[in-house]
Amino acid sequence: PKRHTVYRDPLQSIMGQVISLPFKLASTTLTFYRGFFHYLFGAGRHSPYLPPSDPSSKVPSYLRPPSGAAAVPPASNGATLSSSSWTVPSFTRTPLFHQHARLHLFSLASAFYLYGKPHYRKGSYGEDIVDNFANVAIPGTGLPLSLFVWNRPLAFGFVCAASPVFSAIAALRLWVKTRGKSSISEEYAIRLLAPDDWFSYWRLNCRIAGMHALLNDVPPGYQMENKWTFLEEGAKRGVPVSPYLSTPAIVVKHRNEEGGLGIYFYKNATEGGDWIIQERILNGKWVSEHLPQNAPLSTFRVITQSRGAIDVTKECKAEDVTALSCVFRAGRRNAQTDHDSILFDVDVKTGKVLGGTTNAHWYRLGLHECLPGRCPWRSADHDVTHHPDGNIPVSGSVVPDIRDMLRLVETSHMKLCPDVPLVGWDVVLSADEKLPVCLLEVNLSCNFFRGSFDRKVYLDFLEDMAVKMQAMRLVADREGKKFR
């Protein structure tokens, strides 16, 4: 989607913003701190999480939409509400903005509740976040974010100090890029209170997953994060997972090394080893037509949500699982995996491939990335239409049988992990005629990879999750529950 821009006389716009800007920025910053502390140790931490429409809700006035705000943002006209704020004019005055802001601040505060507690795939949430941030940097800084989250006090200081600073930088850079046509105060409010960049959505999903797993004593579905468990259970339950070899072990030798050098032994996971041994999977015809030579296996990242995870004591039904987004990760020439790729958004209703973009600038580490011109602050806003390695047209193509692909992941979510709220599936369209579509792996603290999705559907789901999780946390508080 293209950014919605209201054109006005540049000089008039500049003068108006200069006069009112400091007051607007100060007000937004105060809202951030008040909301964050409200959910960290204020009334929001010790009372149920309820939407403003509930008579018992204790949502403070500054996190409620202004009176008279439209129930549906005016740009949508009842259509799908994009995950990107710039498609909606005056977004910061809409109920959707305030709903997103409450969830963002609630989950951000919850990260400090989770920090020292067990995580479903690590010893603690803090350990997991340090590992996940080891190769991620705020664009243009070159510093891995893991440096700033080594302990709870350091992470707390970073959130309080860096959030307003980088939100202001983002707003100012956009204003310069649009030559004064964007609103600094509006963009600052979006970046600080309801951020819609890929990183913020990823972290929101991670915090929801971490808290859900903790409070529900790690439901069985979270075992699917283990790649071998996923393949083994998938095969048992009739899910088309990527094929693996059952040979007990393999030996790999370098063809020229001697004297016991260049020889490696790998024990198969089927025999209790650490290695999953598979034949290489090749891209199918449609995928290959949109890639350069020597491109890696290129997958589709599909995100599904399960309302069955809200209350894991109840049976999950087929209609509870919904596919939210789809992205074609078109791998780059000579890359080993599609982590180095162009991310093409896919319309989940029609299968049409939309514009492409990248998030590679978030993975550029080293102090040299601070130098002018080295690392872009923002990447292209889904305006890539051709694969850059060979100028191969991609946008406008239609993914074959998209409905079958989405139905496959929805069914797989039901079969394998209905008790997990959000799942990212790596779907392969392969050259194997016996298995033309298969699932490579799943990610339960998932990343949308900048795919578009219905923001209202997503936020309504997370709001219902927050209501349930906060109720469970209050019970755990009263009972003095010890998490293991």
Side-chain angles (χ1 to χ4, degrees), residues 30-66 69 71 81 94-117 119-120 125 156 159 163 192-196 200-219 305-314 320 324 419-422 445 455-481 483:
L30 181 61
T31 296
F32 170 76
Y33 286 126
R34 293 174 71 187
F36 177 56
F37 292 130
H38 170 76
Y39 289 117
L40 183 63
F41 49 65
R45 170 62 183 88
H46 303 290
S47 61
Y49 184 99
L50 299 172
S53 57
D54 192 298
S56 302
S57 174
K58 293 185 179 180
V59 173
S61 59
Y62 52 85
L63 292 178
R64 295 173 181 261
L81 294 168
T94 64
L96 193 68
F97 168 82
H98 289 82
Q99 182 184 29
H100 192 161
R102 291 191 300 272
L103 285 164
H104 173 65
L105 294 171
F106 168 79
S107 70
L108 187 61
S110 298
F112 295 93
Y113 169 80
L114 293 171
Y115 193 93
K117 293 181 172 62
H119 188 266
Y120 66 88
Y125 179 84
F156 176 79
V159 166
S163 297
L192 186 59
L193 300 177
D196 58 1
S200 297
Y201 278 131
W202 172 45
R203 296 319 306 165
L204 177 56
N205 292 346
C206 290
R207 294 189 292 262
I208 292 296
M211 194 165 178
H212 177 268
L214 178 76
L215 294 170
N216 287 282
D217 299 318
V218 190
Q305 69 176 32
S306 171
R307 285 193 158 272
I310 296 175
D311 187 345
V312 298
T313 65
K314 296 181 179 179
D320 291 332
L324 291 175
D419 46 10
V420 175
L422 292 158
S445 293
R455 192 172 188 170
K456 181 62 175 171
V457 171
Y458 170 71
L459 292 179
D460 282 349
F461 170 63
L462 292 193
E463 187 170 70
D464 291 342
M465 287 290 303
V467 170
K468 179 64 175 179
M469 290 190 302
Q470 178 64 359
M472 297 180 69
R473 179 162 63 162
L474 294 177
V475 171
D477 289 344
R478 289 195 298 270
E479 295 178 350
K481 183 175 180 178
F483 296 100

To the nearest 0.5 Å, atom CG of Leu459 lies from atom CG of Leu204 at 8.0 Å
Phe106 and Ala466 have their tightest heavy-atom pair at CE2-CB, 3.8 Å
Please walk me through it: do Tyr113 and Leu214 pass side-chain contact (heavy atoms from CB on, under 4.5 Å)? CA-CA 11 Å; Tyr113 169 80; Leu214 178 76; 4.0 Å; yes
Pair Arg45 + Asp477: basic N to acidic O under 4.0 Å
yes
So the salt bridge (Lys or Arg N to Asp or Glu O under 4.0 Å) pairs with at least one residue in residues 49-63 (sequence neighbours excluded) are none
Checklist entry - Checking side-chain contact (heavy atoms from CB on, under 4.5 Å) for the pair Ser110/Met469: CA distance, chi angles, key distance, verdict? => result CA-CA 11 Å; Ser110 298; Met469 290 190 302; over 6 Å; no
- Could you walk me through whether Lys481 and Asp217 pass salt bridge (Lys or Arg N to Asp or Glu O under 4.0 Å), step by step? CA-CA 11 Å; Lys481 183 175 180 178; Asp217 299 318; 3.0 Å; yes
Between Asp460 and Gln99, the two heavy atoms sitting closest are OD1-NE2, 2.9 Å
Given the options Pro65, Pro51, Pro52, His98 meets side-chain contact (heavy atoms from CB on, under 4.5 Å) only with Pro65
Practice task
Tell me, with the steps shown, if Phe461 and Ile208 meet side-chain contact (heavy atoms from CB on, under 4.5 Å).
Solution key: CA-CA 11 Å; Phe461 170 63; Ile208 292 296; over 6 Å; no
Tell me if a side-chain donor or acceptor on Ser200 pairs with a main-chain N or O of Asp196 at a distance below 3.5 Å. no
| message | For the aromatic rings, using the six-membered ring if either is Trp, is the centroid distance between His100 and Tyr201 under 6.0 Å? | response | yes
Between the CG atom in Leu40 and the CG atom in Leu108, the distance rounded to the nearest 0.5 Å is 9.0 Å
Between the CZ atom in Arg455 and the CG atom in Leu324, the distance rounded to the nearest 0.5 Å is 13.5 Å
In terms of heavy-atom contacts, Tyr125 and His119 come closest through N-CB, 3.6 Å
Here the pair of heavy atoms bringing Ala309 nearest to Val420 is CB-C, 3.6 Å
Taking every heavy atom of Val59 against every heavy atom of Arg64, the minimum-distance pair comes out as O-NE, 2.8 Å
Checklist entry - Judged by atom type as modelled, is there a donor-acceptor pair below 3.5 Å linking the side chain of His212 to the main-chain atoms of Pro421? => result no
When rounded to the nearest 0.5 Å, the distance separating NE2 of His46 from NE2 of His38 is 10.5 Å
_Test log, rule side chain to side chain donor-acceptor pair (under 3.5 Å), inputs Tyr120 and Asn216_ = CA-CA 11 Å; Tyr120 66 88; Asn216 287 282; over 6 Å; no
For this session: Report yes if some heavy atom in the side chain of Phe112 is under 4.5 Å from a heavy atom in the side chain of Phe41; otherwise report no.
Result: no
The reported gap from CE in Met211 to NZ in Lys468 (rounded to nearest 0.5 angstrom) is 12.5 Å
Taking Arg34's backbone N and O only, do any of them form a donor-acceptor pair with Tyr62's side chain (distance below 3.5 Å, no angle check)? yes
Heavy-atom nearest pair, Gly35 first then Leu63, reads CA-CD1, 4.2 Å
ask   = Can Tyr49 and Leu103 be said to form a side-chain contact (heavy atoms from CB on, under 4.5 Å), step by step?
value = CA-CA 10 Å; Tyr49 184 99; Leu103 285 164; 3.5 Å; yes
To the nearest 0.5 Å, atom CG of Leu462 lies from atom NE2 of His104 at 13.0 Å
> Aromatic rings Phe156 and Phe37: how do their planes relate, parallel, tilted or perpendicular, breaks at 30° and 60°?
Replying inline: tilted
